[in-house]
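Notes follow once the structure below has been shown.
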Amino acid sequence: MNLPWRSRGNREVELDRELHSHFEMAVALRMERGESRAEAERNARLEFGNVTHVAEVTRDMWGGRRLETLRRDLAYAWRGLRRSPTFTVVAVLTFALGIGATTTMFTIVNGVLLRPLPFDHPEQLVLLSHLPKSIASSAATVMSDGTFLELRAANSRAFASFASFGGNRVTLTGVGEPTEIAGAMASANFTRVLGVSPAKGRGFADDEESPASPRVVILGDRMWHDQFAADPAVVGRSIVLNGVPHTVVGIMPSDFDFPNDAAFWTPLSNTLDPKLGSFRPVAARLRAGVTRATAMRELEATLAVLPGTATAKPGTTQTDVRPLLDLLVARSRGTLWLFSGAVVLVLLVACANVANLFLIRVAGREHEIGVRFALGAARARIVRQLLTESALVACIGGAMGLLFSIWGVRAVIAAAPPGRIPRQDSIGIDWRVLGVAFGISLLTGIACGIAPALASTRRDLRTILAESARSLAGGHDRLRRALVVVELALAIVLLSGAGLLLKSFVRMRTVDTGFRATGVVEMETSLSPATYPTPQAAGVFAMRVRERLREIPGVDDASVVNFPPLVEGGRFRDDFHPERGLDVSKGYTVAVLMTAPDYFRAMSIRVLRGRDFAASDNAAALPVTIISASVARKFWPPDGAGAIGQRVRKPGGEPNDWVTIVGIVDDVTQTSMADEREGAQYLPVTQNRNPWFARQLTFVIRTARPPRDVAPSMRAVLHGIDPSMAIRRLAPMDDVLSSSVAQPRFEMELVTIFSAIALLLAAIGTYGVLAHDVASRTHEIGLRVALGAGRGNIVRVIARRTLGVVIPGIVIGLAGAAMSTSLLRKSLFQVTPTDGPTMAWVAITLCAVAAVAAAAPARRAVRVDPLVALNRR
Amino acid sequence: MARGGQSRIELLQGTLDFIVLQTLRWGPQHGFGIGQMIRANSSDALQVDTGSLYPALHRLERAGWIDAKWDRSEKGQHVRVYRITPSGRKRLAAERTKWDRMTQAIAGILNPPRERES
């Protein structure tokens with residue numbers, strides 16, 4: 001027997017002895033007055049009252065009381081939990097799942113979106129943008145070079161300094177095999193603007209921004225380790241980038257990663273030309289105490305008077321000042337919040353489930369609780385004890401969830417397409433994650449425990465002791481069913497999201513791109529201006545490689561293109577200007593691509609009219625072009641047949657440079673599966689005179705052989721012609737296709753996993769209610785059977801009970817889905833957020849799962865033996 | 001909490017503390033003794049139940065107005081004996097003044113110039 005105060009510290013023993021001596025004295029006094037011992041003891045006990053109660057209220061007066069109570073409540077809860085291991089394990093695991101998923105997402109959100117950048121006073125760093133409204137989108141935070149230069153030269157009270165950034169892919173030679181490396185160009189003062197200093201060496205000097213100054217480079221820690229084996233002597237040495245020697249002046253610390261994944265930095269000099277009109281991100285440091293709103297007002301005022309921007313009509317431009325972090329995370333923010341929302345729903349389902357478990361548990365303990373009441377415990381005391389129990393379960397689950405989240409974070413990052421989760425170095429468990437995990441555990445624990453605790457202590461004492469546990473179990477029935485309805489509704493919301501994402505993913509996968517990827521292998525290269533100074537030289541090189549690729553056994557077609565479909569990157573687009581035709585006055589932009597003969601054959605793009613380019617379309621021959629079907633139809637309606645033989649202005653050429661249309665091909669998807677197929681114009685690389693058009697070349701081959709058998713020969717061909725050329729990418733085009741839908745796939749997969757968890761939990765909840773229903777109504781069912789009810793009747797009763805939760809769950813869930821799936825709009829492709837068929841499937845799925853959950857209880861119900869059931873009481 | 005007695009008075013919150021301190025002015029006493037003394041001195045009108053007495057004693061002890069030590073009773077039993085402390089005496093004096101003022105005030109209300117109704 002474990003009396004509450006025995007053997008627990010001196011104070012408890014003393015209190016015990018003190019009360020005992022009081023009792024003894026009372027007995028002694030009564031015996032002196034002539035009562036018998038037994039009589040005296042009985043009366044003294046009556047007079048004394050409830051020992052447990054007296055001890056408890058006395059202990060309440062001691063100092064340090066709260067901790068002591070907590071300790072005792074915890075010990076009590078722990079013993080209680082150990083007595084019912086099944087309940088404990090299920091509840092803890094459910095919590096672990098819910099809290100683990102939540103902590104996983106929070107760890108990532110914290111690292112990516114919430115942690116400040118590791119720069120000096122990061123709150124002062126902002127990202128400026130100023131764009132014509134016609135090309136502004138929420139994702140673009142850039143400014144033209146011209147505006148940047150003027151802004152930097154102007155006096156500012158709000159901004160202390162500015163720095164501009166740009167991407168820079170180069171080929172590193174002279175260190176092992178030629179390698180393509182992605183770095184960044186940055187204003188010479190970028191280290192000072194960000195408030196970081198190189199780990200070794202120095203930052204750029206201001207005059208190193210001038211095109212005339214000697215070339216310098218700062219290496220990132222990763223590149224320093226990977227390419228130069230972390231040799232400190234590399235500082236001061238010369239390395240060759242794109243064929244040009246650059247002196248290494250510094251090495252950045254390992255935690256410096258800005259912009260994302262830059263391996264090195266060169267001064268932004270040669271291209272910082274106000275007339276070129278490149279748009280780049282611009283970072284600025286605010287002076288101390290200046291708010292973003294103030295900075296915004298000043299920026300607008302300044303732009304209104306700067307020569308380059310003052311001429312813009314008011315209202316046609318869009319100016320913005322955002323936190324610098326946006327440059328790194330803008331693309332991932334939507335996805336991360338989407339996941340966070342999904343995970344919160346999972347957590348809610350988990351909570352509802354555990355609350356249900358607790359309700360069942362307290363229903364079985366009403367008698368125990370009644371006895372504690374009878375022994376004089378206050379209601380608040382019992383409620384507190386029950387809450388301690390649920391909070392303890394939640395905290396154990398939370399601790400497991402935290403461990404689970406360590407694995408979860410790794411899994412999510414591994415599943416994410418490259419570059420979609422930036423700042424991975426800053427993702428980790430910190431005090432904030434720990435605090436949130438603990439907070440969620442405590443909160444969910446109390447939330448799950450409060451309803452059962454209140455419900456079980458509300459009933460008055462006599463009823464509890466008088467009634468049997470069986471009839472009482474029905475007391476919380478409505479609450480428990482309501483919880484299951486909530487679970488099912490939440491599961492529906494998640495399932496709808498998953499269904500919509502799945503449908504749009506399938507739509508995207510099956511979209512007709514106009515080309516056939518299977519069997520195509522792509523080899524992407526970039527030509528350095530030092531080796532190939534003229535467009536003609538690039539054209540000759542491209543044709544030579546193409547010739548040699550065709551000789552590889554098993555290669556059916558070989559060709560080249562500057563920007564293959566679905567590869568992100570700056571495609572050229574230009575106005576389409578026919579010599580004669582409709583709509584000349586209206587600006588109509590098409591993608592301009594550089595190709596060679598057999599490109600359409602290799603990509604299986606249909607040639608609808610006319611002919612493909614031929615080797616004879618050389619620099620001396622008539623300049624030709626091929627256009628795609630939608631362009632032809634647009635200018636030469638109705639079917640575009642009239643286009644053949646027409647002349648159009650050469651893209652990027654002078655006004656009286658004309659090219660003749662010799663063929664019409666199918667439209668193809670250009671940049672993204674989510675975009676419509678668009679109009680394009682193709683030019684032969686052999687007639688190219690624009691130095692920018694053939695900087696990047698992707699050789700494509702079609703083969704029936706496995707890509708990995710052909711790839712080595714392709715590499716050998718390229719290096720046979722130019723050993724110093726780096727291969728950016730050598731991969732089957734199917735890979736490109738799947739990576740172009742990697743983001744939607746990632747979103748779809750994760751939301752599907754979350755909704756599967758939610759559905760599983762909701763199924764467990766449904767099962768729990770029905771199983772408990774059957775168990776507590778065995779008597780009734782037995783009676784029905786005895787009175788002649790058939791199996792069908794019993795099954796109907798169970799079915800009715802099931803539908804009683806499933807139908808409200810579906811109705812509420814679909815209403816909730818209708819309200820919330822519009823948040824998904826950005827992630828959907830050719831599917832509306834309230835897609836009927838998807839919703840129908842979701843409802844059917846839920847019904848099916850509910851039917852499975854109901855099957856076992858129903859089977860148990862029809863097997864009830866009336867004799868056994870009726871004899872039980 | 002009055003338990004069934006016909007003429008027992010339920011003690012106001014705080015009054016018990018005052019009575020306990022007053023009782024201990026007569027000398028150190030154990031819990032049972034204090035209960036008996038209160039009962040005797042109030043001619044059985046006040047019966048303090050243990051569920052109120054012991055919390056009060058432990059509360060006063062914590063406040064430093066009384067202290068306690070283990071001793072033996074005249075019958076050789078181990079008993080916990082309480083004693084009023086100097087600060088307890090000060091407290092008692094203050095309570096006493098307050099109490100006197102309050103009883104006067106209440107008496108004033110209950111005994112208006114007019115004759116008492118039967």
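Computation of the quantities below employed the complete heavy-atom set of this structure, encompassing side-chain atoms and omitting hydrogens, waters and symmetry-equivalent molecules. Remember, it's a predicted structure, so these values are computed and weren't measured experimentally. Below, read A as the first sequence line, B as the second, and so on, with proteins coming before strands; counting in each chain starts at 1.
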If I take atom CZ from residue B/R59 and atom OG1 from residue A/T58, how far apart are they, to the nearest 0.5 angstrom? 10.0 Å

Strictly below 4.0 Å, N to O, side chains only: are B/R39 and A/E47 in salt-bridge contact? yes

Sort B/E61 into side chain, backbone, both or neither according to what part of it lies under 4.5 angstrom from a heavy atom of chain A. neither

When rounded to the nearest 0.5 angstrom, what is the spacing between CD in A/E18 and OG1 in B/T50? 11.0 Å

Taking all non-hydrogen atoms of both residues into account, name the closest pair between B/Q77 and A/S21 and its distance. NE2-O, 4.1 Å

Report all side-chain donor-acceptor pairs from residues 445-453 of chain A shorter than 3.5 Å, counting only partners two or more places apart or in another chain.
none

Comparing A/M25, A/E24, A/H20 against chain B, the one with the most heavy-atom pairs below 4.5 Å turns out to be A/M25

For A/F87, does the CZ atom have more than 12 heavy-atom neighbours from other residues, nucleotides or ligands under 6.0 Å away? yes

Going by ring pair (Phe, Tyr, Trp, His ring centres under 6.0 Å), name the pairs with one or both residues in residues 14-41 of chain B, residues two or more places apart or in two chains. A/H22-B/F32, B/F18-B/W99

Under the salt bridge (Lys or Arg N to Asp or Glu O under 4.0 Å) test, which residues partner A/R37, sequence neighbours left out? A/E41

Within residues 79-87 of chain B, which positions have a heavy-atom distance to chain A below 4.5 Å? B/V79, B/R80, B/Y82

